[in-house]
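A, B, ... follow the sequence lines: proteins, then strands. Residue 1 opens every chain. If you're wondering where the values come from, they're calculated on a predicted model, not measured in any experiment.
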Number of protein chains: 2
Amino acid sequence: MKNDSMVCDEFCPHPQMIHAAQDIMPTQKEMSALADTFKIFGDVSRMKIICALLGGEMCVCDISLLLGMTQSAVSHQLRLLRNAFLVKTRREGKSVFYSLDDDHIYSIINQGLVHIRHTSKEENHHD
Amino acid sequence: MKNDSMVCDEFCPHPQMIHAAQDIMPTQKEMSALADTFKIFGDVSRMKIICALLGGEMCVCDISLLLGMTQSAVSHQLRLLRNAFLVKTRREGKSVFYSLDDDHIYSIINQGLVHIRHTSKEENHHD
DNA sequence: TTAACAAATGAACAATTATTCATATGTTCA
DNA sequence: TGAACATATGAATAATTGTTCATTTGTTAA
């Protein structure tokens, strides 16, 4: 949190680059919210749950069976997904059906897929 | 990892939904890679670094000064970003300039912004 | 109402991870 | 070469977090 002797002195930095960056950067609040959102995508169990819902709604026990996770673990993760507005619920009798909250969730996953396919190519070249 | 008494029995699940999901889901490897990638976006410090680079390349000490982080902390996070192919480097004398690796990084950030703006609206309604 | 079941939740534990501090590497210029 | 500086890295610590286990809530049907 502090910038003392270890950082370059006032002659090194490039003020115009710093100011340009400051102008373009989202607000602290937005960046914090962005990180919080992506953090939710950043766990394999949750990612599997999200992917399980790509085809449409499913109830908790379907998800448990499909992914081989306990009902409790799935439920805990679903709560985080719900708090982050990534999934929504619909109750039908004893079952609760979960589905992706909105279409741009698909866009985020798709962009992610574009990235990992792009990087796996890079890894093969490793240049 | 085990599905025993706590999960609904064989009469509850909806096989057609489970099979539909299985057909659509990415592979285990892809889902794992997706989670790993989003995990990198899922930290405020790294998100700030990424946002700092939205306007163009910057050297490590510029980033430290701009974000009020120590050079060491920035460097550690830059390594993770580099390993995930999110940033690339260019050396110029003593300085190392970092920039976003590719254009679809912007797309991911933009999709994230769309989401958080969408959710902040939802939070106001809280319906 | 009671039994049976699906889902949610709280506490505890284990594992992961971001930062700090100290030091090493690599580059430039005298 | 040696001094100064920018960046990288290893080890240790503190904080965060995913899962498990036990229990509770909420729903249906007898």
Subject >> Joint cluster assignment, A:Tyr98 & A:Leu80, ILVMFWY side-chain distance < 4.5 Å >> reply: yes

**OP:** Report yes or no: do A:Leu113 and B:Ile24 belong to one cluster of Ile/Leu/Val/Met/Phe/Trp/Tyr joined by side chain heavy-atom distances under 4.5 Å?
**Re:** yes

Subject >> A:Arg91 side chain near C:dA7 phosphate (N/O to OP1/OP2, under 4.0 Å) >> reply: no

Original post:
Between A:Ser72 and D:dT20, is there a side-chain N or O to OP1/OP2 distance below 4.0 Å?
Top reply: no

Could you tell me how far apart [X] ([atom1]) and [N] ([atom2]) are, to the nearest whole angstrom?
| X | N | atom1 | atom2 | result |
| --- | --- | --- | --- | --- |
| B:Lys88 | D:dT7 | NZ | C1' | 20 Å |
| A:Arg82 | C:dA8 | CZ | P | 8 Å |
| A:Asn83 | C:dT9 | CG | C1' | 12 Å |
| A:Gln71 | D:dT24 | CD | C1' | 12 Å |
| B:Leu78 | D:dT9 | CG | P | 11 Å |
| A:Glu92 | D:dT27 | CD | P | 14 Å |
| A:Lys94 | C:dA6 | NZ | P | 6 Å |
| A:Lys48 | D:dT19 | NZ | C1' | 14 Å |

Original post:
Any side-chain heavy-atom pair from A:Arg46 and B:Phe38 closer than 4.5 angstrom?
Top reply: no

Subject >> Side chain to side chain, B:Leu66 and A:Met25, heavy atoms closer than 4.5 Å >> reply: yes

Original post:
So how far off straight is the helix from C:dT1-D:dA30 to C:dA30-D:dT1, going by the axes through five pairs at either end, to 10°?
Top reply: 30°

Original post:
Angle class for the A:His104/B:His115 ring planes (parallel below 30°, perpendicular above 60°, tilted otherwise)?
Top reply: tilted

Original post:
Less than 5.5 Å between centroids and less than 30° between ring planes, does B:His76 satisfy that with C:dT19?
Top reply: no

Subject >> Pair B:Gln111-B:Tyr106, side-chain contact (heavy atoms from CB on, under 4.5 Å): steps then yes or no >> reply: CA-CA 9 Å; B:Gln111 281 301 324; B:Tyr106 294 86; over 6 Å; no

Original post:
Under 4.0 angstrom, heavy atoms only, what part of the nucleic acid is B:Tyr98 near: base, sugar-phosphate, or nothing?
Top reply: sugar-phosphate

Original post:
Do A:Thr37 side-chain atoms and A:Ala33 backbone N/O form a donor-acceptor pair below 3.5 Å?
Top reply: yes

**OP:** Report the residues that fulfil salt bridge (charged side-chain N to carboxylate O under 4.0 Å, His left out) with B:Arg91, sequence neighbours left out, ordered by chain and then residue number.
**Re:** none

Using atom names, set out every protein N or O paired with an N or O of nucleotides 15-18 of chain D below 3.5 Å, distance rounded to 0.1 Å.
from   : atom 1 : to      : atom 2 : distance (Å)
D:dT17 : OP1    : A:Lys39 : NZ     : 3.4
D:dG18 : OP1    : A:Arg46 : NH1    : 3.3
D:dG18 : OP1    : A:Arg46 : NH2    : 2.8
D:dG18 : OP2    : A:Arg46 : NH1    : 3.3

**OP:** Classify the side-chain pair A:Arg82/A:Thr89 by whether it contains a donor and acceptor separated by less than 3.5 Å.
**Re:** yes

